[in-house]
Amino acid sequence: MCKMRKVKSFTKAFLFLTLSFICIPAYSQVEGRVVNRNEQPIEFANVFLLNAKDSTVVDAAVTDSLGNFRISQPVQSGLLKVSCIGYETNYINYHNGNGKIKLEEDAKTIGEVEVKAKAIRRAHDGLIVNVSETTLGKLGDASDVLKHLPLVVAKGDAYEVLGKGTPIIYINNRLVQDNNELAQLNASDIQQVKVITHPGAEYDATVSAVIRIKTKKAQGDGFGGLVRVRGHLERRLCHSANYKLAYSHKGFELFSSFQYYRNYDFAQQVTTHTYNTRRNEDSGEQVGMDTRLDGTFGINYQLGDKFSSGVMYTYSDIPSGKFIISDHSLAYNNEQLVNDIYSHDSRDYTSNNHHVNGYLNYDFSNESHLKLDFDIVKKNSEDSQQYLIENGHLENINEGKTELYAGKLTFEHPLWGGSVSAGGQFSRTFNNNDYRVEDATIKNALSNCRNKAHQNLYAYFLEYQHPFGKYLTAKAGARYEHVDFDYFIGDVKSEEASKVYSDFYPSASLSYNTDDWQLDLYYRNTTSRPSYHTLRNSTAMNGLYSYEGGNPRLQPMRANSVGLSAGWKDLSVDVSYRWNHNAILYVLGSYNNIDSICYFHTENVNKSQVLDVTLSYTPTLFKIWKPNLSVDWCKNYLTYNGQTYNKPVWNFSLYNTLELPKSWVIGLDVDYNTSGNGQVSYYYSDTNVDLYCLKTMLKDKLSLKFMISNLFNSSRERWDKNSNGYHLEKWNDSGRRTFSLIAIYKFNQSKNKYKGSVSSDEIKRL
């Protein structure tokens, strides 16, 4: 009862504070928007506030990608001078609420001057990469663009921001639920990408890095669309296709998309695990097949320049999926063979996911916004397993159901020469798992298990940003989160696994930015909550001597991060240090004190630290060659059960694009990792080389891309894990040399205007 009173009191205080900000006038700042005759925003326009008496410059600003500008001067009126290369200079009298400022093209210079913005600009919380009108916009789709960004490394279908970990990714403020969505966004439709290396209080306390993709604005009304087909061959031919269709009329828009994937994976794998005098060797083949269907339908409406709203429904379905392991297992004790077994492990899985996302957005002015987002998610999944050996078998089914209801309110407003951002969000999550053993004759077979997890999360954030002069910007914020987590085994609540948290997460940064120089000092306090999968109470059988399970007793990790980043022109360096409490580790141990069974599970470790140093260099050479060089050094300071895991890992990546005449682009991407420790694992060195060629034609409506991934068959999965006396070695050759051909055709493109964003990062945790 006391806790609920505290939450209600905090909620009242927060709402009072938000309403107070809404009532604060913004008359002290000169703001507006610069557009051309077609109402398109003009970026990098210079705006000067002049003294009306003698025309001396009082202050100045540069427009952003939306054409917006702000001059922090306490004036009610004055004279503005607005200029930009290729446009005629305009002088206007400023009064509060001037709004749009139009510039006319300069007929004398527009044909002689080629306007080129810097491809990469540094921001106080990361960097902004302009994709439009650069080679990046010709690379294919959004996944191709991301892997060529500074500080970003692609690892299969996943991405990592060097020194920060796995980022969350947004497309026009909407959270990407599955990275397959990136393949649906054509690179030529992207205007810019922002890589946020130290997120502020607006983001969930579990977020360590953010990538925000912004697409180009819609051009005109009518129908538009895109069709994309892809085929790739590793050991067997796989294929996918998708379309996007949109209809726009004035402020109204309907849009839809559909994707189809058919995948086939094959791999050979060898694992060896030892404990004392025991040694088990497994070798075999793995085959994976699945079909996936994704569909989206949405409505968007914009009334004037101030109000917009929309709703979007997404359905994802895996109607059939299968994973088969054919394995040969040899068990030794004191080097004597005690078992020689052939096994067949067949797993079938299906899932479907319904997701409704909606938003309401109101702009009081160019820099004052109020936005509401909401999400409803319902997901069902079923996995079944048939494990067969010569003298026994195991059959089981696991059913999962998840529901999420979430909402987020965000308010931004100018305040005291800076800007304030405040908001609140909530989420209510239900996660149920029912594991049933249908039939089993194997000794030590698993038992039935049913568990439920219910969580209520309330969060409030407040952040203030203020410029000091032309180059210095300070930002400070705090986030409060209250989490009430209940865990049930069967229908009985587990007091040990159930938890209540009420925590503050502060953050701060100080940034110095000029045209060529950038220096950032930042601090952030974050958490990392265990996924619902790792909290499960069930155990799965990977082999006769290998089990895997969850841990309902896991505690969230709490981390403090400090960092310093510096940049000069195309060169940047980032140094970060993070110390963790209750870090979540994947470790090995015995199952129910049976030392012959290696049990893979998760545990907390009290303390650990990570030091990371990243160097990035992104020049343009000979006008056509654009290399992207990154060097990263990462060292863990970790001790678990008296054993240290401290060997650092080097990562070297060199991504090259060569832009040739007649719309040809050739690329060569090289990644190399040295061996070293990651948590309690030891990873061996790995090299990957990709080669691709891209050609656009029919006035850029049609693009063809041919790619060879893992060109030299040099990339493999190979690592060791050593904990609690158990030693596991794994080798897997999935993802061998792969040939891909991708074709994309665009017609009458009308870019999506949907502005919805995810209301809770709890969606990713599911």
Side-chain angles (χ1 to χ4, degrees), residues 131-132 135-148 154 156-157 159 169 171-172 174 176-191 193 213-216 218-219 222-234 237-248 253-264 290-298 312 314-318 657 663-665 667 690 692-709 738-754:
V131 176
S132 179
T135 306
L136 290 173
K138 302 178 182 180
L139 292 184
D141 55 46
S143 60
D144 299 310
V145 172
L146 292 190
K147 69 179 293 185
H148 288 85
D157 294 330
Y159 300 89
I169 302 173
I171 299 177
N172 288 339
R174 182 179 61 83
V176 173
Q177 305 296 332
D178 189 317
N179 286 347
N180 285 321
E181 292 184 44
L182 298 172
Q184 305 167 35
L185 178 59
N186 202 36
S188 62
D189 293 338
I190 300 174
Q191 179 177 332
V193 180
I213 301 173
K214 178 183 175 184
T215 62
K216 297 177 181 177
Q219 302 290 332
F223 282 99
L226 176 149
V227 178
R228 181 182 187 270
V229 294
R230 179 180 187 265
H232 70 272
L233 175 66
E234 185 199 354
L237 181 64
C238 303
H239 47 87
S240 64
N242 67 276
Y243 84 85
K244 294 173 64 178
L245 185 65
Y247 173 76
S248 298
E253 181 188 37
L254 289 173
F255 59 91
S256 68
S257 66
F258 177 78
Q259 305 97 49
Y260 161 83
Y261 304 91
R262 179 61 178 170
N263 296 320
Y264 176 90
D290 66 63
T291 300
R292 174 170 175 164
L293 307 172
D294 293 316
T296 298
F297 177 79
M312 180 173 66
T314 302
Y315 177 72
S316 301
D317 186 24
I318 301 179
T657 55
S663 301
W664 284 92
V665 176
D690 296 339
Y692 62 89
C693 177
L694 185 141
K695 168 66 175 176
T696 57
M697 57 195 78
L698 301 180
K699 297 182 179 179
D700 291 336
K701 290 184 178 180
L702 176 65
S703 66
L704 298 175
K705 181 178 181 180
F706 177 71
M707 182 173 183
I708 306 176
S709 305
T738 303
F739 300 89
S740 303
L741 180 62
I742 304 169
I744 300 175
Y745 180 74
K746 301 179 294 181
F747 57 95
N748 191 27
Q749 281 284 280
S750 179
K751 313 301 184 301
N752 195 305
K753 305 173 186 176
Y754 192 77

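The structure displayed is predicted, hence computed values, not measured ones.
Side-chain contact between K214 and V193: absent, with no pair of heavy atoms (C-beta onward) separated by less than 4.5 Å. Within the 4.5 Å cutoff, side-chain heavy atoms of F706 are placed close to those of F739. Contact annotation: the side chain of V176 approaches that of I171 to within less than 4.5 Å [non-hydrogen atoms, C-beta and beyond]. Annotation: side chain of D700 is not in contact with side chain of L698 (no heavy-atom distance under 4.5 Å). Put simply, the side chain of H232 does not reach to within 4.5 Å of the side chain of L237, judged on heavy atoms. Within the 4.5 Å cutoff, the side chain of L182 has heavy atoms near those of the I213 side chain. In this structure the side chain of F258 never reaches within 4.5 angstrom of the side chain of N242, judged on heavy atoms. Residues K701 and Y745 have side chains in contact (heavy-atom distance under 4.5 Å, counting atoms from C-beta outward).
The ring-ring contact (aromatic ring centres under 6.0 Å, His included) test applied to Y315 returns H354, not counting sequence neighbours. Residues passing the ring-ring contact (aromatic ring centres under 6.0 Å, His included) test with Y260, sequence neighbours excluded: H239.
There is no side-chain donor-acceptor pair under 3.5 Å between T215 and D189. Side-chain N/O atoms of R262 and T291 include a donor and acceptor closer than 3.5 Å. No hydrogens or angles considered: nothing links the side chains of K244 and S256 as a donor-acceptor pair under 3.5 Å.
Atom-to-atom distance recorded for M707:CE and C693:SG is 12.0 Å, nearest 0.5 angstrom. Within the model, atoms CZ of F223 and CG of L254 stand 8.5 Å from one another, a figure rounded to the nearest 0.5 Å. With values rounded to the nearest 0.5 angstrom, S316 atom OG is found 9.5 Å from L293 atom CG. In this structure, CG in L226 is found 6.0 Å from CD1 in I744, a value given to the nearest 0.5 Å.
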Which side-chain N or O atoms in residues 139-148 pair as donor and acceptor under 3.5 Å with protein atoms at least two apart or in another chain?
from: D141; atom 1: OD1; to: S143; atom 2: N; distance (Å): 3.0
from: D141; atom 1: OD1; to: S143; atom 2: OG; distance (Å): 2.3
from: D141; atom 1: OD1; to: D144; atom 2: N; distance (Å): 3.2
from: D141; atom 1: OD2; to: R228; atom 2: NH2; distance (Å): 2.6
from: D144; atom 1: OD1; to: K705; atom 2: NZ; distance (Å): 2.8
from: D144; atom 1: OD2; to: D141; atom 2: N; distance (Å): 3.1
from: D144; atom 1: OD2; to: K705; atom 2: NZ; distance (Å): 3.1
from: K147; atom 1: NZ; to: D690; atom 2: OD2; distance (Å): 3.2
from: H148; atom 1: ND1; to: D144; atom 2: O; distance (Å): 2.8
from: H148; atom 1: NE2; to: D669; atom 2: OD1; distance (Å): 3.3
from: H148; atom 1: NE2; to: D669; atom 2: OD2; distance (Å): 3.3
from: H148; atom 1: NE2; to: Y692; atom 2: OH; distance (Å): 3.2

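Here the shortest heavy-atom pairing between L704 and M697 reads CD1-CE, 4.1 Å. Nearest heavy-atom pair, T696 versus S663, reported as atom, atom and distance to 0.1 Å: OG1-CB, 3.0 Å.
A salt bridge does not link R292 with D290: every distance from a Lys NZ or Arg NE/NH1/NH2 to an Asp or Glu carboxylate oxygen is 4.0 Å or more.
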